[in-house]
Amino acid sequence: MTEPYRIQGETGAWEVVLGLEVHAQVISKAKLFSGSSTTFGAEANTQVSLVDAAMPGMLPVINRECVEQAVRTGLALKAQINLRSVFDRKNYFYADLPQGYQISQYKDPIVGEGELLLDLPDGSTKAVGIERLHLEQDAGKSMHDQHPQKSYIDLNRSGVALMEIVSKPDLSSPEEAGLYVKKLRSILRYVGTCDGNMQEGSMRADVNVSVRKPGDPLGTRCEIKNMNSVRFIQQAIEYEARRQIEILEGGGQIDQETRLFDTSRGETRSMRSKEDAHDYRYFPDPDLLPLVLEQARVDALGADLPELPDTKKARFISEYGLSAYDAAILVEERATADWYEQLAKGRDAKIAANWMITELFGALNKAGKDLSESPVSADNLGGLVDLIGDGTISGRIAKEVFAEMFETGKPAGEIVEEKGLKQVSDTGAIEGIIDEVLAENADKVEQYKGGKDKLFGFFVGQTMKKSQGKANPGMVNELLRKKLDG
Amino acid sequence: MSLDKATVASIANLARIKVPDDRLEAMVGDLNAILGFVEQLDEVDTTGVEPLASVTGHSLPQREDAVTDGGYQARVTANAPESVHGFYVVPKVVE
Amino acid sequence: MSDLLDLTLAEARKKLAAKDISSTELTRAYIARMEATAALNAYITTTPDKALQMAEQADARLAKGEAGALEGIPLAIKDLFCTEGVLTTAASHILDGFIPPYESTVTTNLWQAGAVLLGKTNLDEFAMGSSNGTSYYGPVENPWRSTDEPDKKLVPGGSSGGSAAVVAARSALAATGTDTGGSIRQPASFSGIVGMKPTYGRCSRWGIVAFASSLDQAGPMARTVEDAAIMLQAMAGHDPKDSTSAPEPMADLTASLDQGVKGMRIGVPAEYRVDGMPEEINKAWQQGIDWLKAEGAEIVDISLPHTKYALPTYYIIAPAEASSNLARYDGVRYGLRVDGGSLAEMYANTRAEGFGEEVRRRVLIGTYVLSAGYYDAYYLKAQKVRALLRRDFDQAFEKVDAILTPTAPSDAFAIGENEDDPVKMYLNDVFTVPASLAGLPGISVPAGLSERGLPLGLQVLGRMFDEGSVVRVGRALERAADFRAVAAMVREG
């Protein structure tokens, strides 16, 4: 177990208690309650129906796919699916909220309690409780930088379906918060219910932060709103926890409030002005009836779910003999896991994993590419692993070949052939090189024989260099020993 | 329950309806009369009664996921008191 | 006044089909009548050019034998229904200049049946009122005058006051209304016409400016029960655009119309004999009971024990829903905008100036009963009492097929009366609100005249989705009452 996360204050160590509310945009063609499109980046107010613009007398009708996406997500979070749920109105005024209320779910959400497993860096896992998941409408967008005295309103986003996924306050460090978001994103992408694109705002998080002395009851929490990167979430938590500790240690108390993370200054600040009016007056939306699901439909959706990251990870560990850490990396994205399985098929799965994680991910990272853009295909990387396995090339040469593959996209065999990189395993040829090396370094041979054992490595190096790396290193070692010590 | 001027002022703020000070007193009186009237419900024993959610007893119909609407910027902005380049325009919102 | 105006909808339909008259002739007669009765202030907008155009098209279809159920029939539409390209106001300043780019489902159904639009009728602002006195466009005058004070202008009832007045004044052959707590039935009673609220969910709410979503229901206002049945048949139907629209098919109402009430069990609820109700209302009610008995119905005393809590329940639920439904009137996308230094001020100014006093009152009450700490005590409590009210009816309908009550506790009162006391005004709906809360169908049929010579209506309520029994009993009452009285202004032309 790793050490629990603590913040050292003047009066001692503090622990942080964190809960996350993640807003995930549902993948669907049309909006939650209207038939207009959900695609990103269209011209202002072109993806707006009369319903989205809240014209008088317009009424919502729910999108079946959005309901099913919420159920899929709930099932993937091993959560209770509520066969009866209710849509409520959350009433508040804002320029980008045309109805004057958001249709959401308050008392009876579609999904109840579930669980998510964090994959900790030491290979262990930690269970985080899911409190609930509900469906709601996204708001439109206000633009404040177009005119000195005016704000411009675009309702294209208005009415797009969101899932709000609320965790229990089970997270206890910025790192865990980050892992939670990554794991949730991974699950959502696996089941195809959210694209997880945080830059485009498809996933945003509110974080509830409180601090306490270990063993004390929960402290008063503040909610930091609307963050769209793991890095900001972690920075905001650190700042906010320290702020609260300073107040408490100074004898003050925490006001429960909503705060905003100022990314440029790295600080959280109060949104109190907005909060004055926050009495949402939730009540069941009389334009909608209770949402009733049949168990058979839920079961059918469950049966169609793909293998999920936790199951896949367990399988990778047992079937391929991978470490928990490597398995967790490989299963984070479904496409990555599929890529790996194609690579590992009929090969040494551990060597395959090493090549993929160390070499391929390293190179991709350096090139700023992701796996889908990899110049090296799974079959080609497999070819390279095969050449190492059958002794055609050495591991060292293989790295050289890989660099070339990454550069050109050519298969390993072709590069080895072209550049004549085949490993030399002919005893006679290697002996000839060794003889040359020993002859050229007669003085060092003397020293070695005089007891300077460390020079053995020098001879190995010289031999490999003379063979341009192609000599089989095992044989070089063996033959050198024979010649020098024999 | 009887409302005072401060409560009515805060309800009016919540409802975004300006009630001038000289009208507040009269509004307080009206609202209290209505509340006094509806508070007869306190007499009714509703123990164990489920609130009525839908008179027809139906559940929510669900539509297919297809893009069938939108794509008419001019239509949704035609009635706007102020609009520019297809946007609705409002007094600047200070965050 | 043209003789054409004496025709009922059913009669006009026959004459149009037989080509005895044309829709254009009929429409011209109504346009002339609209002009002659303009002083009633019953129309907010008239659309004579559009009417003539539609009449011409109707005549063409009639000529080709392609007539719809309402082909060529000139109708008035309550100005709560959005009509494409025609100003729609909900009688509120806040919808200033609003031209809907869409047509409500109910009016679409009417135009598809061949009906002709004469204009948009006045109403209480956002349908909130029982006198038509809260309209931004001023009060509507009832075509009827009392015999004791013939100079006093009377209200037509509300909120569908304009629709009731135009039917009573013969400046439309029939009209649409909407009923949230009695807004079709009470003005029908005050104006001597037939008004029917079908079962909640029968008529699509899509495109009708919302007041209280769980209660709002459109219905016909007409001269006879048959006319109302014909019109409802065209208005109703399942609409996938309204999630609360009912999929149950409606029986052919005109078929059951003349079946009589022999063998039907008619409930008479004890709780509708309220304190302080004028004796003439009781008398009219008793008369109705006697008529139905004479026609062979079995009269059954029933109890609806939670009746007295219906109004308080209604005055929590309706304002609560309204406070939320009216949040969209914010000066951003349509209607009135009154500037302010900030967005919040713009909202507050727009809504203060745009909403009239009664609307402001109800929005504030609704806001309060939903607010933190009060929701359970008011809104949730009201929804529970609403369940009890519904249970009362369900139990009663195990014993009876329909229920007979007065429609309103009085005849029409003078314009301006009751306006200083909102609660007193609310009492007008004491007999209509219970069925609204329960979702049941109901009809008001003129049954006679009060001592002051003003019309009094009787209300028939039926089971959920049983409009057939409602029109059947209504028709029996109509036949027995043989109500032929018309307002003096109609009699005199």
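Numbers restart at 1 for each chain; the letters A, B, ... are given by sequence-line order, proteins then strands.
Considering CG of A:Asp154 and CZ of B:Phe87, their distance stands at 5.5 Å, rounded to 0.5 Å. The line from OG of B:Ser83 to CG of A:Asn45 is 8.5 Å long, rounded to the nearest 0.5 Å. Atom-to-atom distance recorded for B:Asp65:CG and A:Thr38:OG1 is 7.5 Å, nearest 0.5 angstrom. Within the model, atoms OH of A:Tyr280 and CG of B:Leu14 stand 11.0 Å from one another, a figure rounded to the nearest 0.5 Å.
Of the listed residues (B:Val84, B:Asn79, B:Val76), the one with the most heavy-atom contacts under 4.5 Å to chain A is B:Val76.
The closest side-chain heavy-atom distance from B:Gln62 to A:Val67 is below 4.5 Å. Side chains of A:Leu50 and B:Arg75 form a contact here, defined as non-hydrogen atoms less than 4.5 Å apart. Looking at A:Leu289 and B:Ser54, their side chains come closer than 4.5 Å, going by heavy atoms from C-beta outward. A 4.5 Å side-chain heavy-atom check between B:Tyr88 and A:Leu155 finds at least one atom pair inside the cut-off. With contacts defined as side-chain heavy-atom distances shorter than 4.5 Å, the pair A:Gln146/B:Val89 does not qualify. Looking at A:Thr46 and B:Tyr72, their side chains never come closer than 4.5 Å, going by heavy atoms from C-beta outward. Side-chain atoms of A:Tyr152 and B:Val90, non-hydrogen and from C-beta on, never get closer than 4.5 Å to each other. Residues B:Glu82 and A:Lys150 have side chains in contact (heavy-atom distance under 4.5 Å, counting atoms from C-beta outward).
Counting non-hydrogen atoms of neighbouring residues, nucleotides and ligands closer than 6.0 angstrom, the CG atom of B:Asp21 reaches no more than 12 such neighbours. For B:Lys18, the NZ atom sits in a loose shell: 12 or fewer heavy atoms of surrounding residues, nucleotides or ligands are nearer than 6.0 Å. Within 6.0 Å of the CD atom in A:Gln295, the count of heavy atoms belonging to other residues, nucleotides or ligands exceeds 12. Other residues, nucleotides and ligands contribute over 12 non-hydrogen atoms within 6.0 Å of the NE2 atom of A:His147.
When heavy atoms are compared at a cutoff of 4.5 Å, B:Ala15 approaches chain A solely by way of its backbone atoms N, CA, C and O. At a 4.5 Å heavy-atom cutoff, A:Pro284 makes no contact with chain B through either its backbone or its side chain. Heavy atoms closer than 4.5 Å to chain B are found in the backbone of A:Phe33, but not in its side chain. Using a 4.5 Å cut-off between heavy atoms, A:Ser34 contacts chain B through its backbone alone, with no side-chain atom that close. In this structure, chain B has a heavy atom under 4.5 Å from the backbone of A:Pro148, while its side chain stays farther away.
In terms of heavy-atom proximity, A:Ala44 sits nearest to B:Gln73 at O-NE2, 2.6 Å. Nearest heavy-atom pair across A:Val292 and B:Ser59 is CG2-CB, 3.5 Å. Scanning both residues, B:Val93 and A:Ala95, for their nearest heavy atoms gives CG2-CB, 4.4 Å. Between B:Arg63 and A:Lys31, the closest heavy-atom pair is NH2-O, 2.9 Å.
Between the side chain of A:Gln47 and the backbone N or O of B:Gly70 there is no donor-acceptor pair closer than 3.5 Å.
Among the candidates A:Val86, A:Val61, A:Leu288, the single residue satisfying the side-chain contact (heavy atoms from CB on, under 4.5 Å) test with B:Leu60 is A:Leu288.
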